[in-house]
Amino acid sequence: MAGMGKVFLVGAGPGDPELITVRGLRCLRRADVVIYDRLVSEALLDEVPPGAERIFAGKAPGAHTMSQEEIHALMIDRARAGYTVVRLKGGDPFVFGRGGEEVAACAAAGVPWEVVPGVSSATGVSTRMGIPVTHRGVAGSFAVITGHRADGQDDQNWAALARVDTLVVLMGVKRLPYIVARLIQQGRSPDTPVAIIERGTCPGERVVTGTLADIAVRAAALDIRPPAVILIGDVVRLWEHWKGYLPVQIPFGSHPVPLRG
């Protein structure tokens, strides 16, 4: 194949394959090579042309299929061979997805690239559940942090985070007791409501609610596991009032309208 190809960094959304963007779906349908992550729905791979190369590059804590450097090399190699490469990433490529590193690698290698935004789990999971991150008179600010820090470091400004109306924590289940303790230590009330959404927008989704004082115990009792989104703030109380009045929704993963067609 002659000429230079192109790399598309595509956000697959928070889990439900129907939450990918139209642009992202179009990229998948014209891909020659798809390099996909662990949290990408298998249903999206059905949209890839039959002859396309599918490469799994998923990462789990302590278990990486390939290193970040190997992913960079793979994207560059296939693009230089003239292929249209889709790097399919969960959520949005630039929200704790290392998308910036992948763009930097492409740019340094002289490979054309484009980023296709995705619905981040930071907001998409809670929105789909009916929990707003902002609400007039309740929450006028929100912040998103990762609960996972490289080499165990902690460079978060917990004093500032304790004052944010709604705090969204991604990849924070393992360090939940530590996160809760730091927020209380910095003045956040132990009565602050908390919701944890496990496997948001996917089959098997679960929600556990509580307060900063007891959420770690509640989550442990239910064996809540990643992937999960943690929401901390008074907006959770809104959902507690609303959840009995939510309209009946299409079950996650049922796909009554085929993606193709």
> Judged by atom type as modelled, is there a donor-acceptor pair below 3.5 Å linking the side chain of E102 to the main-chain atoms of G99?
Replying inline: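 No, because the side chain of E102 does not come within donor-acceptor range (under 3.5 Å) of the backbone of G99.
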> For A181, does its backbone N or O pair with a side-chain atom of Q185 as donor and acceptor, under 3.5 Å?
Replying inline: no
Close side-chain approach of [X] and [Y], heavy atoms under 4.5 Å:
| X | Y | result |
| --- | --- | --- |
| E42 | D46 | no |
| S126 | V133 | yes |
| L88 | I35 | no |
| W239 | V207 | yes |
| D32 | R78 | no |
| C202 | D16 | no |
| M66 | I55 | yes |
| C106 | M75 | yes |

Please, which pairs that meet ring-ring contact (aromatic ring centres under 6.0 Å, His included) have at least one residue in [range], sequence neighbours excluded?
| range | result |
| --- | --- |
| residues 158-195 | none |
| residues 4-55 | Y36-F56 |
| residues 193-236 | none |

Please identify each residue that fulfils salt bridge (Lys or Arg N to Asp or Glu O under 4.0 Å) with [X], with sequence neighbours left out.
| X | result |
| --- | --- |
| R206 | E198 |
| R54 | none |
| R199 | none |
| R23 | E114 |

What's the spacing between [X] [atom1] and [Y] [atom2] if we round to 0.5 Å?
| X | Y | atom1 | atom2 | result |
| --- | --- | --- | --- | --- |
| Y83 | E53 | OH | CD | 8.0 Å |
| E69 | L74 | CD | CG | 13.0 Å |
| Q156 | R182 | CD | CZ | 10.0 Å |
| L167 | I145 | CG | CD1 | 4.5 Å |
| I20 | E47 | CD1 | CD | 8.5 Å |
| R30 | T84 | CZ | OG1 | 5.0 Å |

> Would you call R87-D37 a salt bridge at under 4.0 Å N-O?
Replying inline: yes
What pair of heavy atoms forms the shortest contact from [X] to [Y], and how long is it?
| X | Y | answer |
| --- | --- | --- |
| V116 | G24 | CG1-N, 3.7 Å |
| L19 | P14 | CD1-CG, 3.7 Å |
| L212 | R188 | CD1-CG, 3.6 Å |
| Q186 | A159 | OE1-CB, 3.4 Å |
| A216 | L176 | CA-CD2, 3.8 Å |
| I230 | V173 | CD1-N, 4.1 Å |

Contacts of type side chain to side chain contact (heavy atoms under 4.5 Å, CB included), residue [X], not counting sequence neighbours:
| X | result |
| --- | --- |
| I76 | R80, A105, A109, V111 |
| P190 | I184, A213 |
| V138 | H135, D234, V235, L238 |
| A160 | N157, R163 |

Applying a strict under-4.5 Å side-chain criterion to I, L, V, M, F, W and Y, I'd like to know whether [X] and [Y] cluster together.
| X | Y | value |
| --- | --- | --- |
| V125 | V169 | no |
| V168 | I179 | no |
| V194 | L183 | yes |
| V115 | V33 | yes |
| V164 | I232 | no |

>> Exactly one of I224, T209, I196 should register a side chain to side chain contact (heavy atoms under 4.5 Å, CB included) with I215. Which one does?
In response: I196
>> Between I197 and I131, is the side-chain contact (heavy atoms from CB on, under 4.5 Å) condition met? List the steps.
In response: CA-CA 10 Å; I197 307 172; I131 306 175; 4.3 Å; yes
Side-chain polar contacts of residues 90-97 - donor-acceptor pairs under 3.5 angstrom, sequence neighbours left out - could you list them?
from, atom 1, to, atom 2, distance (Å)
D92, OD1, F94, N, 2.8
D92, OD2, G118, N, 3.0

